[in-house]
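Inspection log for the structure reproduced underneath, given as structure tokens.
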Amino acid sequence: MTCTVHEFADSLLKGNQDAAWNIVMNEVGHDINRKDVLENLITKAMQYIGELWENDEITVADEHLATSTCEYILVRFDFYMKNIHRFHQIQPRKVMLLCLEKEQHDLGIKMVAQLFEEHGWNTRLLGPNLPLEEAVRFAEKWEPDVIGLSFSIWYHAELLTTYSKALEELPHKPAVIVGGRLLGNYDFSPYVSSRTTLFTSLSDLQEWIKQYSI
């Protein structure tokens with residue numbers, strides 16, 4: 001899918017929503033499921049764009065345009081998938097998703113929300129840069145079964161420890177999960193307890209959701 005990933009990335013960088021959408025629909029037409037599109041097309045394209053930015057091959061404005069175009073594609077893809085594949089539970093489990101404070105990139109957590117929703121979960125996406133006290137307050141009120149944290153900046157590792165510990169200790173004892181672009185390359189298990197689960201890919205998360213949803 002490498003050529004397709006680069007073509008998709010090029011469409012995002014140009015802000016060409018129609019071309020990007022056509023690539024997504026072509027992949028779906030080959031019987032590729034939601035997780036595959038999110039993980040093997042969209043995630044890899046955004047990682048490639050990140051590498052271009054880090055190498056000064058594109059500007060900050062280019063990266064912002066690509067991100068906003070990708071957000072449009074994610075919303076449209078979610079709407080499309082919900083209309084062709086419906087999954088309902090009588091009493092759906094609840095998941096609350098957020099980015100740590102000062103973490104601004106939330107495309108990944110939006111993809112995670114789509115995976116949970118596809119398996120019938122009641123989802124609350126609280127977005128980027130959420131202070132811990134606000135996360136705790138919302139969780140105490142809503143009592144989610146699972147709380148998902150997005151973590152993508154290395155020097156926020158100690159902050160990850162603070163968040164996971166506080167959320168693990170909530171009275172209703174939710175499961176705490178963590179994902180982010182760094183987890184595939186580095187071991188952050190020393191920063192969390194055994195009660196917090198770290199995920200390095202959407203594939204692993206999907207298998208966990210399937211087991212947890214039984």
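Computed from heavy atoms alone, side chains included, the values below leave out hydrogens, waters and symmetry copies. Starting from 1, each residue takes its place in the sequence as its number.
One finds a salt bridge joining Glu207 and Lys210 here, because a Lys/Arg side-chain nitrogen approaches an Asp/Glu carboxylate oxygen to under 4.0 Å.
Here the shortest heavy-atom pairing between Phe151 and Ile153 reads CE1-O, 3.1 Å. Between Phe116 and Val146 the shortest heavy-atom distance is CZ-CG1, 4.4 Å. The minimum heavy-atom distance between Leu149 and Ser164, with the atom names listed, is CD1-N, 4.3 Å. The two atoms that bring Pro92 and Gly120 nearest to each other are CB-O, 3.1 Å, heavy atoms only. Closest approach of Leu65 and Gly15 over heavy atoms only: CD2-N, 3.8 Å. Taking every heavy atom of both residues into account, Ser152 and Arg181 meet most closely at O-NH2, 3.2 Å.
In this structure, Val176 is not a member of the same hydrophobic cluster as Leu125, with clusters built from ILVMFWY side-chain heavy atoms closer than 4.5 Å. In the hydrophobic clustering of ILVMFWY residues, with side-chain heavy atoms under 4.5 Å counting as a link, Leu202 and Val95 come out together. Residue Val192 is not grouped with residue Leu97 when hydrophobic side chains (ILVMFWY) are merged at heavy-atom distances under 4.5 angstrom, including chains of intermediate members. One hydrophobic cluster, built from ILVMFWY side chains closer than 4.5 Å, holds both Val24 and Ile49. Under the 4.5 Å side-chain heavy-atom criterion for grouping Ile, Leu, Val, Met, Phe, Trp and Tyr, Met81 is not connected to Phe79 through any hydrophobic cluster.
Looking at Arg124 and Pro144, their side chains never come closer than 4.5 Å, going by heavy atoms from C-beta outward. No side-chain heavy atom of Asp36 sits under 4.5 Å from any side-chain heavy atom of Glu27. Tyr80 places a side-chain heavy atom less than 4.5 Å from the side chain of Val28. Between Ile177 and Trp208, some side-chain heavy-atom pair lies under the 4.5 Å cut-off. Side chains of Asn122 and Trp142 form a contact here, defined as non-hydrogen atoms less than 4.5 Å apart. Lys173 has its side chain within reach of Arg195: a pair of non-hydrogen atoms, C-beta onward, lies under 4.5 Å apart. Considering only heavy atoms from C-beta on, Arg93 stays 4.5 Å or farther from His119 through its side chain. Contact of the Val75 side chain with the Glu71 side chain is not registered, since no non-hydrogen atoms from C-beta on lie closer than 4.5 Å.
Counting only N and O atoms by type, the side chains of Lys35 and Ser203 include a donor and acceptor under 3.5 Å apart. Under 3.5 Å, the side chains of Thr67 and Glu63 contain a donor-acceptor pair of N or O atoms.
Formation of a donor-acceptor pair under 3.5 Å by the Thr161 side chain with backbone atoms of Tyr191 is found in this model. One N or O on the side chain of Asp62 and one on the backbone of Thr59 form a donor-acceptor pair closer than 3.5 Å. At distances below 3.5 Å, not a single donor-acceptor pair connects side-chain atoms of Glu101 with backbone N or O atoms of Leu132. Proximity of a side-chain donor or acceptor of Asn22 to a complementary backbone N or O of Asp18 within less than 3.5 Å is detected. In this structure, Gln114 contributes its side chain and Leu74 its backbone to a donor-acceptor pair below 3.5 Å.
Rounding to the nearest 0.5 angstrom, the gap separating the CG atom in Leu130 from the CZ atom in Arg137 is 10.0 Å. Note that OG1 of Thr200 is 12.5 Å distant from CG of Leu182, once rounded to the nearest 0.5 Å. Distance check: Leu38 CG to Phe77 CZ gives 5.5 Å after rounding to the nearest 0.5 Å. Put simply, CD on Glu134 and CG on Leu98 are 11.5 Å apart, with the number rounded to the nearest 0.5 Å. The distance from atom CG of Asn16 to atom CZ of Phe8, rounded to the nearest 0.5 Å, is 11.0 Å. Taking SG from Cys70 and CE from Met46, the interatomic distance works out to 5.0 Å, rounded to the nearest 0.5 Å.
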Ile147 and Leu170: CA distance, side-chain angles, deciding distance, side-chain contact (heavy atoms from CB on, under 4.5 Å) verdict:
CA-CA 11 Å; Ile147 299 176; Leu170 287 166; 3.8 Å; yes
Applying side-chain hydrogen bond (donor to acceptor under 3.5 Å, both in side chains), run through Glu103 and Ser150 and close with a yes or a no.
CA-CA 8 Å; Glu103 294 267 0; Ser150 178; 5.6 Å; no
Show the numbers, then the answer: is there a side-chain contact (heavy atoms from CB on, under 4.5 Å) between Asp78 and Glu117?
CA-CA 9 Å; Asp78 187 43; Glu117 289 172 355; 3.8 Å; yes
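Between Tyr186 and Phe188, the angle of the ring planes goes over 60°, which puts this pair in the perpendicular group of the 30/60° scheme. Between Tyr212 and Trp121, the angle of the ring planes lies from 30° to 60°, which puts this pair in the tilted group.
The local environment of CH2 in Trp53 is sparse, with at most 12 non-hydrogen atoms from other residues, nucleotides or ligands closer than 6.0 Å. The local environment of NZ in Lys94 is crowded, with over 12 non-hydrogen atoms from other residues, nucleotides or ligands closer than 6.0 Å.
The only option from Thr43, Ile23, Ile42, Ile73 that meets the side chain to side chain contact (heavy atoms under 4.5 Å, CB included) definition with Val37 turns out to be Ile42.
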